[in-house]
Amino acid sequence: MANVESFDLDHTKVRAPYVRLAGVKTTPRGDKISKYDLRLLQPNQAAIDPAAIHTLEHLLAGYLRDHLKDVVDVSPMGCRTGMYMAVIGEPDEQGVLTAFQAALEDTAAHDCPIPGVSELECGNYRDHDLEAAREHARAALRQGLKIQETILLER
């Protein structure tokens with residue numbers, strides 16, 4: 001089985017909320033694609049409810065694109081402690097942190113309908129929780145985002 005970067009991360013030593021450069025891939029044409037770990041909750045101590053993380057996915061997918069160019073994808077982590085974001089190029093971590101903070105501020109203040117929430121637009125359109133998503137954004141902002149270095153497992 002291929003190695004998965006996140007399985008090498010020592011999840012006991014990182015401190016959420018944070019932004020972490022998880023890796024950079026080079027395409028056959030020489031383009032760079034950067035993957036970021038946008039962690040909201042401390043691993044193995046809490047998890048975001050499925051309806052709330054679904055709403056965070058919808059909101060952050062748009063708001064991160066408002067504050068950072070060339071975002072390819074924003075996806076929830078299976079462990080439900082944050083999001084992964086893929087970006088064309090190699091934006092610096094401080095710029096990504098600034099964009100993530102602004103997107104969380106937008107999410108915390110979001111008082112309109114959740115975008116992309118209809119049977120036509122979403123695969124599980126009934127499973128959303130705007131207030132819980134807003135509270136997770138507010139909690140991360142209160143705690144203060146930081147840049148987290150990658151701490152590998154000692155094997």
Side-chain angles (χ1 to χ4, degrees), residues 4-11 13-27 29-43 45-117 121-123 127-152:
V4 178
E5 180 275 335
S6 64
F7 297 166
D8 290 332
L9 179 69
D10 188 336
H11 287 75
K13 293 185 178 170
V14 295
R15 294 292 167 247
Y18 64 76
V19 167
R20 180 181 71 86
L21 177 62
V24 178
K25 299 280 186 187
T26 304
T27 69
R29 294 179 59 180
D31 298 310
K32 303 285 186 182
I33 300 174
S34 301
K35 177 183 169 185
Y36 286 89
D37 171 347
L38 308 177
R39 193 77 61 152
L40 294 167
L41 297 180
Q42 186 63 30
Q45 292 186 13
I48 302 168
D49 179 77
I53 202 160
H54 189 190
T55 302
L56 282 166
E57 175 192 16
H58 279 237
L59 294 175
L60 291 173
Y63 286 136
L64 279 163
R65 284 173 170 88
D66 288 346
H67 298 288
L68 189 67
K69 67 181 249 189
D70 296 326
V71 172
V72 174
D73 185 50
V74 178
S75 303
M77 295 175 173
C79 63
R80 300 189 340 256
T81 60
M83 300 283 174
Y84 286 118
M85 178 179 69
V87 182
I88 297 169
E90 297 180 86
D92 66 281
E93 286 174 301
Q94 186 59 51
V96 172
L97 185 140
T98 300
F100 187 36
Q101 182 168 337
L104 287 172
E105 289 168 356
D106 292 340
T107 297
H110 189 89
D111 63 356
C112 305
I114 301 163
V117 178
E121 301 165 306
C122 181
D127 190 29
H128 284 277
D129 187 338
L130 177 58
E131 193 46 48
R134 292 175 62 189
E135 183 48 42
H136 280 291
R138 288 190 290 263
L141 291 167
R142 277 193 306 271
Q143 291 175 48
L145 300 173
K146 63 191 144 306
I147 295 172
Q148 172 68 58
E149 68 176 310
T150 297
I151 304 170
L152 297 176

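As the structure is a computational prediction, the values presented were derived from the model and not from experiment. The analysis underlying the following values was restricted to heavy atoms, covering all of them including side chains, and did not include hydrogens, waters or symmetry mates.
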Rounded to the nearest 0.5 Å, the CD1 atom of Ile33 sits from the NZ atom of Lys35 at a distance of 12.0 Å
For Pro76, is there any backbone N or O sitting under 3.5 Å from a side-chain donor or acceptor partner on Arg80? no
Ala52 and His136 have their tightest heavy-atom pair at CB-CD2, 4.2 Å
Examine the side chains of Thr150 and Arg20 and answer whether a donor and an acceptor come within less than 3.5 Å of each other. yes
Is there side-chain contact between Val14 and Leu9, with at least one heavy-atom pair below 4.5 Å? yes
Side-chain contact test, heavy atoms from C-beta onward, threshold under 4.5 Å: evaluate it for Met77 versus Arg39 and give yes or no. yes
Ile147 backbone acceptor or donor facing Glu93 side chain under 3.5 Å: no
Could you go step by step and tell me if Lys69 and Ile88 meet the side-chain contact (heavy atoms from CB on, under 4.5 Å) rule? CA-CA 8 Å; Lys69 67 181 249 189; Ile88 297 169; over 6 Å; no
Test: Glu5 and Lys25 ion pair at under 4.0 Å: no
Decide yes or no for Ile53 and Met83: does some side-chain heavy atom of the first lie under 4.5 Å from some side-chain heavy atom of the second? yes
Taking the side chain as every heavy atom from C-beta outward, state whether Leu56 and Thr107 have any pair of such atoms under 4.5 Å apart. yes
Flag the pair Glu135 and Arg142 as a salt bridge only when some basic side-chain nitrogen lies within less than 4.0 angstrom of an acidic carboxylate oxygen. yes
Please check if the side chain of Thr27 supplies one atom and the backbone of Asp31 the other of a donor-acceptor pair under 3.5 Å. yes
Does some side-chain heavy atom of Lys146 sit less than 4.5 Å from a side-chain heavy atom of Pro17? yes
Any side-chain heavy-atom pair from Leu145 and Leu104 closer than 4.5 angstrom? yes
Assess whether side-chain contact (heavy atoms from CB on, under 4.5 Å) is satisfied between Asp37 and Tyr18, documenting all intermediate values. CA-CA 8 Å; Asp37 171 347; Tyr18 64 76; 3.1 Å; yes
Working for side-chain contact (heavy atoms from CB on, under 4.5 Å), residues Asp10 and Leu152: CA-CA 5 Å; Asp10 188 336; Leu152 297 176; over 6 Å; no
Less than 4.5 Å apart, any side-chain heavy atom of His58 and any of His128? yes
Only residue of Val71, Leu38, Leu21 satisfying side chain to side chain contact (heavy atoms under 4.5 Å, CB included) with Val96 is Leu38
I need the Gln45 CD to His11 NE2 distance, nearest 0.5 Å. 12.5 Å
Applying side-chain contact (heavy atoms from CB on, under 4.5 Å) to Ile48 and Leu40, what does each step give before you reach the verdict? CA-CA 9 Å; Ile48 302 168; Leu40 294 167; 3.8 Å; yes
What pairs meet the ring pair (Phe, Tyr, Trp, His ring centres under 6.0 Å) rule with one or both residues in residues 62-117, with sequence neighbours excluded? Tyr63-His110
Is a donor on one side and an acceptor on the other found under 3.5 Å between the side chain of His54 and the backbone of Asp127? yes
Given 3.5 Å as the limit, does a donor-acceptor pair link the side chain of Thr81 with the main chain of Ala47, or not? no
Would you indicate whether the side-chain heavy atoms of Val117 and Cys122 approach each other to under 4.5 Å? no
